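First the structure, in the form of structure tokens, and then the observations on it.
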Amino acid sequence: KNPLRRGLPVGAREALPRMSLFVVSPAAFDRVHPMAFMSPHPMPVFFSISTEERGLRLRRWLAAADSGWCMAELPAIHPEDLDVEWGGDASSPVRMLNVTSRETLFILLPPFGRFGRQMERWVSGNSTAAMPNINSGFASAHKVANAAFHLRALQCIASRCHPCVSRRDVTMAVILEDDVEHVEGISPASAEAYPLLLHDAMKQLSVGGINKLQLAVGNTAAKQAVNIPWRKARCWQHTENVTGWTGPRLLRCSHFSDSHAYVVTQLHAQRIVEAHATLVQHHGLGSGVCVNPWEHESCGDDPAILREFFKQCDKPPRNLLEGACNGLALAGQTVPWSLFHNNSAKYRMGNEHGEDRYGAVKAMEAASSVWALMLANMSAALHRGHAVDPNKALEKQAKRKELKRKFSHSIKAARVDVPAKI
């Protein structure tokens, strides 16, 4: 059955044909029933369900404003639907691809960003020791599936492939991972009014060049808190708030990762998709051919795979708005987020070994001699141009751990108690 039928009025559903996994074609919606557009200004919301528990929680709070949302549920993307390939030598890129069609979704060149830095610490320290928990980016299979969902949602928004975004006057859409929740009394508007808040906020902000509104920044339960001493992540009050609303705050943030939920303009989704296609076409060699559309002014850098993938494009100048991400965060009065990241229901790949990683990743981790050669050639890239010192990363990590220990009471004081099940 076509999951995209859900959330549409009866009558519009019958007009939609069946679709296969990953295929989101504009032609699939040529015969959409007019009833699909009866609701005035419904906010398009894109999501995909990974587990039954997560799906029940997400649909529960979305249902409170059923007429305010135009729901675009994409087909589920599971880690088993994808794969990771690596050629086995120091110059080989990593490719993440669709198992069925063999379509390349992402390609990363050595030294593979944060994954490479994690491997460097192990190889440069004591490679005879037990392998540490290396789980950044493509090292975790569920993160590959999550990045594929974001890509598919953005591609659909950019091409207007779904009835919720097919009209030319639809200029924005919401993308939700399935582990975010509205929390009554803490989120900046009721669940029923929340779509209208997002519409009003983005309509107001897009006039000034904002193209992304982050909705789940600084969740302490997800270890992504902001404004605590041992982390770089910071948020501060923006110069304005949402006109006509008293509950929400607008924040500017830096050095934060959360992209579990956000509003994006249709125009910026196009820029992201165009940069993605260019990078894939040029096999990850983005210098001079694309500008990073993902991580810039007050925009979260997660998912990690998108962060490392788009870093292969040129870094946008600080004053550049065309093509770059320009964001703000929507927050409640007492928290830096408007949606709570509830990751209590874990989602991992369940292969025969119970491991959340692909075979190519295990092969990469075992190839210590290849890594030694790669790290010798690319240490400057791993350290982002800083002086190379094999002890520097460990010293920095120790300092952060000490700060975290000293200021643990600050973390506890900042934490907002939210029940695991709402």
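A quick note: this is a predicted structure, and the numbers were derived from the prediction, not measured.
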Open item on the list: Run the side chain to side chain contact (heavy atoms under 4.5 Å, CB included) test on Q214 and L328 for me, step by step, so that the C-alpha distance in whole Å, both residues' side-chain angles and the decisive distance to 0.1 Å come before the verdict.
Closed with: CA-CA 6 Å; Q214 306 280 166; L328 289 175; over 6 Å; no
Open item on the list: Can you tell me how the ring of F106 sits relative to the ring of H276, calling it parallel under 30°, perpendicular over 60° and tilted otherwise?
Closed with: perpendicular
Task: Qualifying residues under side-chain hydrogen bond (donor to acceptor under 3.5 Å, both in side chains), relative to R102, sequence neighbours excluded - done: E85
TODO: Quick one: closest heavy-atom pair of V180 and A216, and the distance?
DONE: CG1-CB, 4.5 Å
Open item on the list: I'd like to check V174 versus W69 (side-chain heavy atoms, cut-off strictly below 4.5 Å). Are they in contact?
Closed with: yes
- [ ] Could you tell me whether the side chains of T104 and R95 share a donor-acceptor contact shorter than 3.5 Å?
- [x] yes
Open item on the list: Would you call the rings of H341 and H260 parallel, tilted or perpendicular, taking 30° and 60° as the class edges?
Closed with: parallel
Task: For the student: nearest non-hydrogen atoms of G284 and L109, plus distance - done: O-CD1, 3.5 Å
- [ ] Using the test side-chain hydrogen bond (donor to acceptor under 3.5 Å, both in side chains), find all partners of S92 that sit at least two apart in sequence or belong to another chain.
- [x] D89
Task: Under-4.0 Å salt bridge between E308 and K143 - done: no
Open item on the list: Between L82 and V144, is there a side-chain heavy-atom distance shorter than 4.5 Å?
Closed with: yes
TODO: Please report the C-alpha distance between L267 and N211 in whole Å, then the side-chain angles of each, then the deciding distance to 0.1 Å, and finally whether the side chain to side chain contact (heavy atoms under 4.5 Å, CB included) criterion is met.
DONE: CA-CA 8 Å; L267 178 59; N211 50 37; over 6 Å; no
Open item on the list: Minimum heavy-atom separation for D178 and T51, please, with both atom names.
Closed with: OD2-N, 4.0 Å
Open item on the list: Looking at every heavy atom in both C253 and A329, which two are closest together, and how far apart are they?
Closed with: SG-CB, 3.9 Å
Task: Validation row: Q204, V242 side chains within 4.5 angstrom (heavy atoms) - done: yes
- [ ] Identify whether NZ of Lys or CZ of Arg in K311 sits under 6.0 Å from the centre of the six-membered ring of W294 and within 45° of that ring's axis.
- [x] no
TODO: Hey, can you tell me if W337 and F340 have their rings parallel, tilted or perpendicular (30° and 60° cut-offs)?
DONE: tilted
Task: From M43 atom CE to C164 atom SG, the distance as rounded to the nearest 0.5 Å - done: 11.5 Å
Open item on the list: Check whether R160 reaches the backbone of R167 with its side chain - one donor and one acceptor, N or O, closer than 3.5 Å.
Closed with: yes
- [ ] Please confirm whether the backbone N or O of E184 pairs with a side-chain atom of S187, one donor and one acceptor, at under 3.5 Å?
- [x] no
Open item on the list: For the backbone of V335 and the side chain of R249, can you confirm whether one donor and one acceptor N or O come within less than 3.5 Å of each other?
Closed with: yes
Task: Flag, side chain of R57 to backbone of N342, donor-acceptor distance under 3.5 Å - done: yes
Open item on the list: Please find the pair of heavy atoms, one from F310 and one from P293, that lie closest to each other, and give the distance.
Closed with: CD2-CD, 3.5 Å
Open item on the list: For D179, is there any backbone N or O sitting under 3.5 Å from a side-chain donor or acceptor partner on R54?
Closed with: no
Open item on the list: Measuring from atom CG of L151 to atom CD1 of I77, what distance do you get when rounded to the nearest 0.5 angstrom?
Closed with: 8.0 Å
Task: Contact summary for P79 and A145, nearest pair of heavy atoms - done: N-CB, 3.8 Å
Open item on the list: Once rounded to the nearest 0.5 Å, what's the spacing between atom NE2 of H268 and atom CG of L154?
Closed with: 8.5 Å
Task: CA sep, side-chain torsions, deciding dist, call: I157, V273, side chain to side chain contact (heavy atoms under 4.5 Å, CB included) - done: CA-CA 10 Å; I157 295 167; V273 170; over 6 Å; no
TODO: Measure the spacing between CE of M96 and CD of E103 and express it to the nearest 0.5 Å.
DONE: 13.0 Å
Open item on the list: Could you measure the distance from the CD1 atom of I175 to the CG atom of L74? Nearest 0.5 Å is fine.
Closed with: 8.5 Å
Open item on the list: Any non-hydrogen side-chain atom of M71 less than 4.5 Å from a side-chain atom of L62?
Closed with: yes
Task: Any N326 side-chain heavy atom under 4.5 Å of C299 side chain - done: no
Task: Contact check, side chains of M172 and V165, non-hydrogen atoms, under 4.5 Å - done: no
Task: Residue pair V263 / L215, side-chain heavy-atom distance below 4.5 Å - done: yes
Open item on the list: Does V99 form a side chain to side chain contact (heavy atoms under 4.5 Å, CB included) with D81? I'd like the steps, not just the answer.
Closed with: CA-CA 6 Å; V99 167; D81 301 321; 5.8 Å; no
Task: Sequence-distant partners of T265, side-chain hydrogen bond (donor to acceptor under 3.5 Å, both in side chains), two or more places apart - done: none
- [ ] Evaluate the criterion side chain to side chain donor-acceptor pair (under 3.5 Å) for residue pair H150 and Y262; output intermediate values, then yes/no.
- [x] CA-CA 11 Å; H150 282 266; Y262 52 91; 2.9 Å; yes
TODO: Could you tell me the separation between the OG atom of S338 and the CG atom of L213, rounded to the nearest 0.5 Å?
DONE: 7.0 Å
Task: Check: V94 and F138 side chains under 4.5 Å, non-hydrogen atoms - done: yes
